[in-house]
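All remarks here apply to the structure that follows.
These values consider heavy atoms only, across backbone and side chains, with no hydrogens, waters or symmetry-generated copies. Positions are given from 1 along the sequence.
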Amino acid sequence: MLLELTPEECESVIPLVPTRLQYAAYWSDALNSVGRIITAILVGVALLVLSRAFGEGSFLGAVSFLAGFLSLLYPFLWGPLYTISRRQLAFREIPYGGLFFGQVLSTRRYEVVVEEREKVGEDGQLYIEEVRERQFEMEIGDETGVLYRVRARDDPRYRRIVKKQSVLALVKAYSRDLRRRPTLSEVYVVKLGEWVGDVSYLDREAFLELADELLALELGPEVKA
């Protein structure tokens with residue numbers, strides 16, 4: 001089922017300030033994190049050196065020192081704060097939202113090519129090396145015919161997900177019936193207490209509390225998220 005939420009209810013479970021889980025996900029991409037760190041350190045050190053060149057007490061020296069210091073903090077503070085907050089704001093601004101309560105209809109696993117790298121073989125010939133990643137896909141739906149597909153990087157925790165397990169998610173869309181260009185938050189598998197999704201949008205504790213309240217009103221107090 002889909003239960004329409006007010007804008008205030010949606011905003012209460014989509015934080016603008018990054019949560020601990022969102023910071024952890026930001027840093028989980030180690031390759032990009034290394035690139036951010038190296039870039040920030042190079043820029044920061046260059047600006048700090050430049051501040052010394054301007055001489056102590058000069059306005060340009062003070063500005064360069066401050067900019068260098070802030071650049072060094074970018075991958076640890078400003079970068080995550082900016083990236084996550086911008087994503088959260090974009091999700092919030094989708095006009096309509098609702099609580100989806102349904103079931104797992106099917107699951108599957110497959111491989112996708114995430115990167116192609118040019119390499120030179122031992123014979124001197126150039127070849128393309130494909131970097132592949134295991135993906136998990138879950139089809140979820142309800143008795144009214146609403147259907148969504150959720151994709152995420154495969155995880156051993158997802159092996160316990162099977163058909164007919166109940167799921168919860170926040171749906172944002174561009175029409176009141178939540179059918180036009182829907183976007184789902186991470187999905188909660190109720191029986192397992194597991195979340196599925198590469199991106200975390202929710203204050204998960206607040207979301208589950210809201211789901212408990214709404215489902216108790218709709219289906220009775222015996223239904224628990």
Side-chain angles (χ1 to χ4, degrees), residues 1-2 13-15 17-38 75-76 79-81 83-88 90-91 97-117 119 128-143 146-172 182-212 215 223-225:
M1 72 174 67
L2 276 171
V13 298
I14 308 173
V17 177
T19 65
R20 177 182 58 82
L21 286 173
Q22 290 168 339
Y23 266 110
Y26 180 90
W27 280 100
S28 66
D29 187 347
L31 191 60
N32 285 343
S33 295
V34 170
R36 285 190 289 264
I37 292 171
I38 291 174
F76 308 99
L81 182 62
T83 301
I84 298 170
S85 297
R86 183 179 62 176
R87 185 191 69 210
Q88 294 294 103
F91 192 53
L99 172 70
F100 173 76
F101 178 56
Q103 289 186 334
V104 177
L105 302 181
S106 66
T107 64
R108 75 181 182 105
R109 290 166 176 81
Y110 58 98
E111 285 191 347
V112 295
V113 177
V114 294
E115 187 180 352
E116 292 184 345
R117 299 172 180 169
K119 289 200 170 184
I128 302 296
E129 179 185 69
E130 292 183 342
V131 179
R132 293 177 174 270
E133 182 178 84
R134 291 275 295 175
Q135 289 277 313
F136 173 78
E137 182 180 87
M138 178 171 65
E139 191 174 76
I140 59 177
D142 66 9
E143 71 283 355
V146 173
L147 186 70
Y148 299 112
R149 285 186 176 87
V150 181
R151 297 181 178 90
R153 288 186 293 272
D154 197 14
D155 189 292
R157 295 175 297 128
Y158 300 161
R159 293 173 186 165
R160 298 188 296 153
I161 299 175
V162 296
K163 289 182 180 180
K164 296 188 178 180
Q165 289 175 336
S166 296
V167 293
L168 290 164
L170 177 67
V171 182
K172 298 281 283 184
T183 300
L184 267 67
S185 68
E186 62 267 42
V187 176
Y188 183 67
V189 183
V190 178
K191 182 177 180 180
L192 305 179
E194 294 287 1
W195 295 87
V196 179
D198 288 336
V199 178
S200 174
Y201 290 104
L202 301 174
D203 178 333
R204 293 178 176 180
E205 185 175 339
F207 173 74
L208 293 180
E209 288 177 359
L210 177 63
D212 270 341
L215 291 176
V223 177
K224 289 289 185 180

Heavy-atom side-chain contact between [X] and [Y] under 4.5 Å:
X	Y	result
Phe100	Ile140	yes
Phe207	Leu168	yes
Thr107	Phe136	yes
Arg160	Lys191	no
Arg151	Tyr110	yes
Leu99	Leu210	no

Show the nearest heavy-atom pair for residues [X] and [Y], with the distance to one decimal.
X	Y	answer
Gly102	Asp142	CA-CB, 4.4 Å
Arg157	Trp195	NH1-O, 4.0 Å
Pro18	Leu81	CD-CD1, 3.5 Å
Val104	Val167	CG2-CG1, 3.7 Å

Could you tell me which residues satisfy side chain to side chain contact (heavy atoms under 4.5 Å, CB included) with [X], sequence neighbours excluded, listed by chain and number?
X	answer
Pro182	Tyr148, Val171, Ala173
Val199	Arg87, Tyr201
Leu105	Glu139, Leu147
Glu205	Asp203, Glu209

How many angstroms lie between atom [atom1] of [X] and atom [atom2] of [Y], to the nearest 0.5 angstrom?
X	Y	atom1	atom2	result
Ser166	Leu192	OG	CG	10.5 Å
Glu111	Arg132	CD	CZ	6.0 Å
Thr19	Arg204	OG1	CZ	7.5 Å
Asp198	Arg153	CG	CZ	4.0 Å

Quiz prompt | Check: Gln88 side chain, Pro15 main-chain N or O, donor-acceptor pair, under 3.5 Å | solution =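 It does hold such a pair.
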Quiz prompt | For Arg109, the option from Gln135, Glu137, Arg134 that meets side-chain contact (heavy atoms from CB on, under 4.5 Å) | solution =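 Of all the options given, the one that passes is Arg134.
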Exercise. Using the side-chain contact (heavy atoms from CB on, under 4.5 Å) rule, take Leu202 and Tyr188 through it: C-alpha gap first, then chi angles, then the decisive distance, then the call.
Key: CA-CA 11 Å; Leu202 301 174; Tyr188 183 67; over 6 Å; no
Self-check item: Which residues share a salt bridge (Lys or Arg N to Asp or Glu O under 4.0 Å) with Arg159, sequence neighbours left out
Solution: none
Quiz item: Can you name the side chain to side chain donor-acceptor pair (under 3.5 Å) partners of Gln103, sequence neighbours left out?
Solution: none
